[in-house]
Each structure stands twice: as structure tokens, then as C-alpha cells.
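Right, one structure below, let's go through it.
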Amino acid sequence: FLSPELAAIFADGKQQSVRKEEGYVFIKSMTEVEDDEGAEEIHFDQLVRDINRVKQKGHRFQDCCVLVYSNDWGSQSAQHLLENGIPIISEESLFVLQSRKTRLLLGCFQLLHNAESDFGQLNVIENAIALGLIKQHEYQAFQHYCARSKRGQNSVTTCKVDQLLADIGINTPLAQLRSTNLYSLAELFARDLGFMATYDPFVQFFLDETLVRMQKEGNHLASFINWWQDQGQKAKVVLPEGLDAVRIMTIHKSKGLEF
């Protein structure tokens, strides 16, 4: 829609490209799985395979950068890569409770304190299913482990805590769990759930913060849970710079960078 005079100005214009060394760009469309159940897991599993394939060709993790639409996608990508043994660096701090492992740990504390805790039931069952510790669908799991009853005018749901914890790998009797100090309890949960096999910064932060809470506020399970449900929601892990690790950033922040 330019006039002939303006069109002549841009007729021979072209953008100069700068290429200092060879690079590689791979684009794969996965729109066909967008509406399928578990589509996000398919995307993340493909991401892990792609990074491992590049690593096997002799490249370093720090040669890889994952661009995401939003910080939420960045956090989910970071969590999935860490769970698969791939070190990452993110421009953003990551909320500790975005990790399924830490939400499961918190849920175990919540149910140990109160078998009727809706948050505890949800945190344990939902995240145990996602982590492969429970093989049932969510609805079936709630039907199996939780019983609804009337209490006056109200309806309450009570969890079979001992059975649920035993089925995800925690076999210590409830009486013994309730007499254990907070930090030792967090370590026991993390160990029995298999979270100590490899280093996970989210789990480590949860353990460290448990020790801090116990030292500051005493060995009080109720106050510990209240802190996580209130201030703990904002707790973040800051991953260090300068590592051989995959960088994760939003498309917005990547603008103007040379790769």
C-alpha cells in the first residue's frame, strides 16, 4: 500500500544477517496432541528427549535454551527437566510449592495433623498419582481412600491416612510419625517416597525450611502447616548462575539476544 516514491526506497532493502559459527534450529509441531489427556506430559517428555539427544552429540547443557510462552510454562518445564536429571538455570525464581514433590510432602504433614484436611487429601492423592505412586485415576483414588459422612448439618470427608501413606511407601505407624520431630519427619517422608535418590533443589529447600521453622517456632505441626499455607506459598528457590545447565526463559525476555 505504499506510494511509488516510498516503494522505491524499500525496493532494494534487505536485512543483513550475522553468522559467527554454525548453529541448529529444530521445529516440531505438536498441535495434534493439544486436546488429548496428558498433552503437557507428552510435550515435556519430548523436550527431555530432544535435550538428551543434543547432549549425546557432544554439546553441553549450557548450549541449550528453552523458550516458553509464560513463567508458568517455564516453571513446569524446569520441574520436569530436574525430575529427569537435567540441570537448569532460570531467569525467574521458582516457587517451591510448584513442585509436585514438595506439595506431596506438605500433604503428608497436613493429613498427619488432620485426616479431614481437604488440602491434605488433594495434595497427597493428586500429586501421588502424577508421580506414579498411585496407579488409580483421581476419582477412584478419592473413593478408595476417603469416606464422606454427616456431622450435624455438615458433611465431612475423612481420609484413611494409614492406608494411603502405606500405599505410597510410608509404612511407619502413625503414632510413631506423630511423635517424630518436624525435620526428622520431613526426611523420613522424603526418603520413603524416593525423593532423596537424586538431588532436587525443591525438596532440599523444603527440608531446609522445615529445620528453620522448627528452630524458630518449635516442634509444632499445626504452626508449621499454617506457615506453608500462608507465607510458604511465596517461598522461592533461586537456581545459581554459572552452571553447565539448560537455560529457560520466556520468549519476551529472549528478544534481542543472539543464540
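Computed from heavy atoms alone, side chains included, the values below leave out hydrogens, waters and symmetry copies.
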If you round to the nearest 0.5 Å, how far is [atom2] of [Y] from [atom1] of [X]?
| X | Y | atom1 | atom2 | value |
| --- | --- | --- | --- | --- |
| Lys234 | Leu97 | NZ | CG | 12.5 Å |
| Arg178 | His113 | CZ | NE2 | 10.0 Å |
| Arg191 | Ser184 | CZ | OG | 9.0 Å |
| Thr180 | Gln176 | OG1 | CD | 5.5 Å |
| Asp162 | Leu111 | CG | CG | 11.0 Å |
| Phe142 | Gln121 | CZ | CD | 6.5 Å |

Would you check if the side chain of Asn52 reaches a backbone N or O of Val48 as a donor-acceptor pair within less than 3.5 Å?
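Flag set: sc Asn52 to bb Val48 pair under 3.5 Å.
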
Verify, without hydrogens or angle tests, whether Lys160 (side chain) and His144 (backbone) share a donor-acceptor contact under 3.5 angstrom.
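Answer holds: yes.
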
[X] versus [Y], closest heavy-atom pair with distance:
| X | Y | value |
| --- | --- | --- |
| Gln110 | Gln229 | NE2-OE1, 2.8 Å |
| Pro87 | Asp244 | CG-O, 3.4 Å |
| Gln136 | Ala141 | OE1-CA, 3.5 Å |
| Cys65 | Met249 | SG-CG, 4.0 Å |
| Val237 | Pro201 | CG2-O, 3.9 Å |
| Ala186 | Leu105 | O-CD2, 4.5 Å |

Only one of Trp227, Phe189, Trp228 forms a ring-ring contact (aromatic ring centres under 6.0 Å, His included) with Phe109, so which one is it?
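Result: among Trp227, Phe189, Trp228, Phe189 is the only option passing the ring-ring contact (aromatic ring centres under 6.0 Å, His included) with Phe109.
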
So do [Y] and [X] actually touch side chain to side chain, heavy atoms under 4.5 Å?
| X | Y | answer |
| --- | --- | --- |
| Cys108 | Ile168 | yes |
| Tyr139 | Gln143 | yes |
| Ile125 | Cys146 | yes |
| Trp73 | Phe44 | yes |
| Phe195 | Asp200 | no |
| Asp45 | His80 | yes |
| Ile225 | Asn114 | no |
| Val66 | Ile51 | yes |

When clusters are formed by joining ILVMFWY residues with side-chain heavy atoms under 4.5 Å apart, either directly or through shared neighbours, do Phe61 and Val68 land in the same one?
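Same cluster.
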
Could you see if Tyr69 belongs to whatever hydrophobic cluster contains Leu67? Use Ile, Leu, Val, Met, Phe, Trp, Tyr and a side-chain cutoff under 4.5 Å.
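Yes, Tyr69 connects to Leu67 through the hydrophobic network.
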
Chi angles and distances behind the side chain to side chain contact (heavy atoms under 4.5 Å, CB included) call for Asp63, Val54:
CA-CA 9 Å; Asp63 297 328; Val54 170; 5.9 Å; no

Just checking, any donor-acceptor pair under 3.5 angstrom between side chains of Gln56 and Arg53?
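Judged by distance alone, the side chains do not pair up.
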
Evaluation steps, side chain to side chain contact (heavy atoms under 4.5 Å, CB included), between Leu174 and Leu165
CA-CA 9 Å; Leu174 292 183; Leu165 294 184; 4.0 Å; yes

Around atom CZ of Phe119, are there more than 12 heavy atoms of other residues, nucleotides or ligands at under 6.0 Å?
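For Phe119, atom CZ is not crowded (no more than 12 foreign heavy atoms under 6.0 Å).
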
Output side-chain donor-acceptor pairs under 3.5 Å for residues 127-134, partner residues at least two apart or in another chain, one line each.
from	atom 1	to	atom 2	distance (Å)
Asn127	OD1	Arg100	NH1	3.0
Asn127	OD1	Arg103	NH2	3.1
Asn127	ND2	Asn123	O	2.7

Atom pairs and distances, donor-acceptor, side-chain atoms in residues 204-214, under 3.5 Å, two or more places apart:
from	atom 1	to	atom 2	distance (Å)
Gln204	NE2	Asp208	OD1	2.9
Glu209	OE2	Arg213	NE	3.0
Glu209	OE2	Arg213	NH2	3.2
Thr210	OG1	Phe206	O	2.7
Arg213	NH1	Glu217	OE2	3.0

In chain order, what residues pass the ring pair (Phe, Tyr, Trp, His ring centres under 6.0 Å) check against Tyr145, with sequence neighbours excluded?
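Applying ring pair (Phe, Tyr, Trp, His ring centres under 6.0 Å) to Tyr145 gives none.
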
